[in-house]
K.L.:
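First the structure, then my questions, so here it is.
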Amino acid sequence: MVLPVSPSSSLSLPILSSSTHHILPASDPPYKLLQSHPSLHFLSKCKSLQDLKQVHSQIIKTGLHNTHFALSKLIEFCAISPYGDLAYALLLFESIEEPNRFIWNNIIRGCSLSSNPIVALELFVRMILCGTEPNSYTFPFLFKSCAKIGATHEGKQIHAHVVKLGLENDAFVHTSLINMYAQNGELGNARLVFDKSTLRDAVSFTALITGYVSRGFMDDARRLFNEIPVRDVVSWNAMIAGYAQCGRFEEALALFEEMRKANVQPDESTMVTVLSACAQSGSVELGNWVQSWIENRVLGSNLRLVNALIDMYSKCGDLETARGLFDGLHQRDVISWNVMIGGYTKMSCYKEALTLFQLMLRSNVEPNDVTLLGVLSACAYLGALDLDAAEQVFNNMNLKSLASWNAMISGLAMHGHPDKAIRLSEEMANEGIKPDDITFVGLLSACTHAETLMKNMEMKPDGAIWSSLLGACRVHGRVELGAGRWDDVARIRNRLTNMGMKKVPGCTSIEVDGVVHEFVVSDKVHPLRKDVYKMLDEIDRLLEVAGFVPDTSEVLRDIDEEWKEGALSHHSEKLAIAFGLISTKPGTTIRIVKNLRVCGNCHSATKLISKIFNREIIARDKNRFHHFKDGFCSCRDYW
DNA sequence: GTAGGGTTAG
């Protein structure tokens, strides 16, 4: 972990050579005089490094560079403003013989915001060695850095400094400390700091709640939430987002209702979260209501909100409305493009997805790894020619992030090009890019020597990894795998389970006459369950007559996301379909929403059901839409 | 003069 503290060599300060140091006077001229100085006024107008250099030159010409104030402001701007430049800030910082505490704090702050926050910790060490005592402003920046990079060990040492300096009772230091422990998974320590102090407000509560939420301890989080003396909008948002992130959409939406009843004004974050919950649970009606709520307020043209709306409509199957919103945007960011492309892909409109991607390439928005993944899965249907196009896009990417390598590798592996995937991973290694656990998951689906890879890889318990791993395995369940690999899969699953990954129970909902009915695996609570199970028996009988043989092999059960109950015929989607068949008129389209991906068995069964009962069945699973008709599915058995 | 908790795409 050796990281450069010195800035890149291509930068240079105006007039001053790098060997010239600022030796600052003991005190600055009067503050008011400096504050209103025109050169410093221009600082806030800078929009590029060039502008910045001009202002810097001006500051030197007017002699201001010999003041703490001007240098502080320059460093602050360079380090923090989006138009600044951290490398320049560091160059400037290194030129100061004896930086004061304010300057130290601001350069540390800048580094804590950067993509390389470890530099902030290195600077802290230097600050101490130089004999500058940190204060209550220094520590929040440091703890934020530790939280960002998972530096618990370093965080604990810095905690000791806080105790030594008697700063434990500063509210900002206190909360950032709790947050550091909570973010780094040390919930016991976070709780200890929280419990030991009398400093308890919505902010410190929320920091702890978020920690519990991130580890899936929703009940503990909720208990804390109920204890908050005065809840503010952020604490509500955190709790609502917690429910939405772990798939408990109904609770998320119920809490949003409670929030409104408590007369707390929702803000942009609230609405983005609520829309995400609507999108994921398929609650298009509530989503509609949210849209009008937004439009009646000043939030209407907010890009993030419109992105969330586009996503909500496309995930609910209303591509037309989604596209209308997309076309109406004056400015689009990478998320706008990605949600719209993803919307088309999920509905099997691959040509539209790729056409939109072509438009994106002509816009000024650079595609990222998420775009690439979406485009790749669209290409997978449209033949090798388009896959070549995706490869071309990848090859032309200016900045290939680890994520984009991963997207390409897993894309190739999952879409029938395992050899290319493995070759690409070798290329990646040759470029000096270290693979991570996600690369591994991608490769696992292509690789014949998973054993070797596993030994070299540290898996992190992450839901995304978990599901992509299972997805990779499922797809390859059809591609004749060597039996040995399933052992690897089982072992990884055990490791993840031991690390605290909780399985989300499968659940399918169906709306009939405006009422949403929910079914879980082997449901025992629905009032009409007797009739439902009776219908299920009939379905199974007819399926058997039609020649359907459920696959009960170890492989399928292993990868099935509702494997726990083992009852293949009682999966929630089949229960919901059975309910749909008995509670709607013949010929009516059945629409269901599942919180997980549909399993292979249910998918095959549903295809046949659509034929036997002459019903169109539109199933939305976690990843995409399946439109079953006449024994076929729109996804063409790829999902 | 600087500081703490929440937010969308996969």
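Numbered from 1 within each chain, the chains take letters A, B, ... in sequence-line order.
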K.L.:
Is the backbone N or O of Leu24(A) less than 3.5 Å from a side-chain atom of His22(A), with the two atoms forming a donor-acceptor pair by type?
P.N.:
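Not a single qualifying donor-acceptor pair exists.
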
K.L.:
Look at all strands and tell whether Thr371(A) reaches a base, only sugar-phosphate, or nothing, counting heavy atoms closer than 4.0 Å.
P.N.:
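No contact.
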
K.L.:
Just compare dT2(B), dT7(B), dA9(B) and give me whichever is closest to any side-chain atom of Asp311(A).
P.N.:
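Nearest to the side chain of Asp311(A) among the choices is dA9(B).
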
K.L.:
Looking only at N and O atoms, is any donor in the side chain of Asn338(A) or the base of dG10(B) less than 3.5 Å from an acceptor on the other one?
P.N.:
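Absent.
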
K.L.:
For the side chain of Tyr137(A), counting heavy atoms from C-beta on, which of dG5(B), dA9(B), dA3(B) is nearest?
P.N.:
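Output: dA3(B).
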
K.L.:
Please give, in whole Å, the distance from dT8(B) C1' to Asp267(A) CG?
P.N.:
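For the pair Asp267(A) CG and dT8(B) C1', the rounded distance is 13 Å.
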
K.L.:
Regarding Ser136(A), tell me which of base, sugar-phosphate or nothing describes its non-hydrogen contacts under 4.0 Å with the strands shown.
P.N.:
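Ser136(A): base contact, heavy atoms under 4.0 Å.
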
K.L.:
Does a distance-only test, which skips hydrogens and angles, find a donor-acceptor pair under 3.5 Å between the side chain of Asp232(A) and the base of dG5(B)?
P.N.:
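Yes, the side chain and the base share a sub-3.5 Å donor-acceptor pair.
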
K.L.:
How would you label the contact of Ser72(A) with the nucleic acid (heavy atoms, under 4.0 Å): base, sugar-phosphate, or nothing?
P.N.:
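It contacts base atoms.
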
K.L.:
What is the distance, rounded to the nearest whole Å, between atom CG of Leu40(A) and atom P of dG1(B)?
P.N.:
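Answer to the nearest Å: 16 Å.
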
K.L.:
Arg191(A): which residues meet the salt bridge (charged side-chain N to carboxylate O under 4.0 Å, His left out) condition with it, sequence neighbours left out?
P.N.:
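Asp195(A).
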
K.L.:
Starting at atom CE of Met259(A), determine the distance to atom P of dT7(B), rounded to an integer number of angstrom.
P.N.:
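The answer, rounded to whole Å, is 14 Å.
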
K.L.:
Counting the atoms with a prime plus P, OP1 and OP2 as sugar-phosphate, which does Arg109(A) contact under 4.0 Å by heavy atoms, base, sugar-phosphate, or nothing?
P.N.:
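Touches sugar-phosphate only.
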
K.L.:
Starting at CZ of Phe143(A) and ending at C1' of dG4(B), how long is that distance when rounded to a whole Å?
P.N.:
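From Phe143(A) CZ to dG4(B) C1': 11 Å.
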
K.L.:
Quick one: which of dT8(B), dG1(B), dA3(B) gets closest to the side chain of Phe172(A)?
P.N.:
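Of dT8(B), dG1(B), dA3(B), dA3(B) is nearest to the side chain of Phe172(A).
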
K.L.:
With sequence neighbours excluded, tell me which residues meet side chain to side chain donor-acceptor pair (under 3.5 Å) with Arg231(A).
P.N.:
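Side chain to side chain donor-acceptor pair (under 3.5 Å) check on Arg231(A) returns nothing, list empty.
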
K.L.:
What contact category does Ala182(A) fall into here, base, sugar-phosphate, or nothing, at under 4.0 angstrom with non-hydrogen atoms?
P.N.:
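No contact.
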
K.L.:
Measure CG/Leu199(A) against C1'/dA3(B) and give the value in whole Å, please.
P.N.:
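Value for this atom pair: 14 Å.
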
K.L.:
In plain terms, say whether Glu186(A) and Lys156(A) are close enough for a salt bridge, that is, a side-chain N and a carboxylate O under 4.0 Å apart.
P.N.:
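Salt bridge between Glu186(A) and Lys156(A), a charged N being under 4.0 Å from a carboxylate O: yes.
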
K.L.:
His161(A): which residues meet the ring pair (Phe, Tyr, Trp, His ring centres under 6.0 Å) condition with it, sequence neighbours left out?
P.N.:
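Scan of His161(A) (ring pair (Phe, Tyr, Trp, His ring centres under 6.0 Å), adjacent residues dropped) gives Phe124(A).
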
K.L.:
Could you please spell out the steps behind the side-chain contact (heavy atoms from CB on, under 4.5 Å) verdict for Phe93(A) and Leu123(A)?
P.N.:
CA-CA 11 Å; Phe93(A) 172 78; Leu123(A) 281 166; 3.8 Å; yes

K.L.:
Rounding to a whole Å, what distance do you find between Lys315(A):NZ and dG10(B):C1'?
P.N.:
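Roughly 9 Å, once rounded to whole Å.
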
K.L.:
Looking at the side chain of Asp369(A), which of dG5(B), dG1(B), dG10(B) is the nearest nucleotide?
P.N.:
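The answer is dG10(B), which lies nearest to the side chain.
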
K.L.:
Please work out if Ala308(A) contacts a base, only the sugar-phosphate, or nothing of the nucleic acid, heavy-atom cut-off 4.0 Å.
P.N.:
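Here Ala308(A) touches no strand at all.
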
K.L.:
Counting only side-chain heavy atoms from C-beta out, which of dA3(B), dA9(B), dT7(B) sits nearest to Phe141(A)?
P.N.:
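For the Phe141(A) side chain, the nearest candidate turns out to be dA3(B).
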
K.L.:
If I take atom CD1 in residue Ile108(A) and atom P in nucleotide dA3(B), what distance separates them, rounded to the nearest angstrom?
P.N.:
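The distance from CD1 of Ile108(A) to P of dA3(B) comes to 14 Å, rounded to the nearest Å.
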
K.L.:
What residues form a salt bridge (charged side-chain N to carboxylate O under 4.0 Å, His left out) with Asp220(A), not counting sequence neighbours?
P.N.:
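Partners of Asp220(A) by the salt bridge (charged side-chain N to carboxylate O under 4.0 Å, His left out) criterion, ordered by chain and then number, come out as Arg223(A).
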
K.L.:
Quick one, which residues of residues 204-212 of chain A touch DNA chain B with a heavy atom under 4.0 Å?
P.N.:
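Under 4.0 Å from DNA chain B: Thr206(A), Thr210(A).
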
K.L.:
For Lys73(A) and dG1(B), is the shortest distance between a side-chain N/O and OP1 or OP2 below 4.0 Å?
P.N.:
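Negative; the distance criterion is not met.
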
K.L.:
Could you check whether Gln245(A) gets within reach of a base, just the sugar-phosphate, or nothing at all, counting any heavy atom under 4.0 Å?
P.N.:
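Sugar-phosphate, backbone atoms only, no base.
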
K.L.:
Nearest to the side chain of Ser176(A), which nucleotide is it out of dT7(B), dA9(B), dG4(B)?
P.N.:
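Nearest nucleotide to the side chain: dG4(B).
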
K.L.:
Leu192(A): which residues meet the side chain to side chain contact (heavy atoms under 4.5 Å, CB included) condition with it, sequence neighbours left out?
P.N.:
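For Leu192(A), the residues satisfying side chain to side chain contact (heavy atoms under 4.5 Å, CB included) (neighbours in sequence not counted) are Asn189(A).
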
K.L.:
Pick base, sugar-phosphate or nothing for Asn105(A), based on heavy-atom distances below 4.0 Å to the nucleic acid.
P.N.:
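The residue Asn105(A) makes base contact.
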
K.L.:
Side-chain donor-acceptor pair under 3.5 Å between Thr67(A) and Asp28(A), yes or no?
P.N.:
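No donor-acceptor contact under 3.5 Å links the two side chains.
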
K.L.:
Under 4.0 Å: is that the gap between some side-chain N or O of Lys622(A) and OP1 or OP2 of dG10(B)?
P.N.:
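For dG10(B), OP1/OP2 do not have a side-chain N/O of Lys622(A) under 4.0 Å.
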
K.L.:
Could you tell me how far apart Asn106(A) (CG) and dT2(B) (P) are, to the nearest whole angstrom?
P.N.:
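Distance, rounded to whole Å: 9 Å.
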
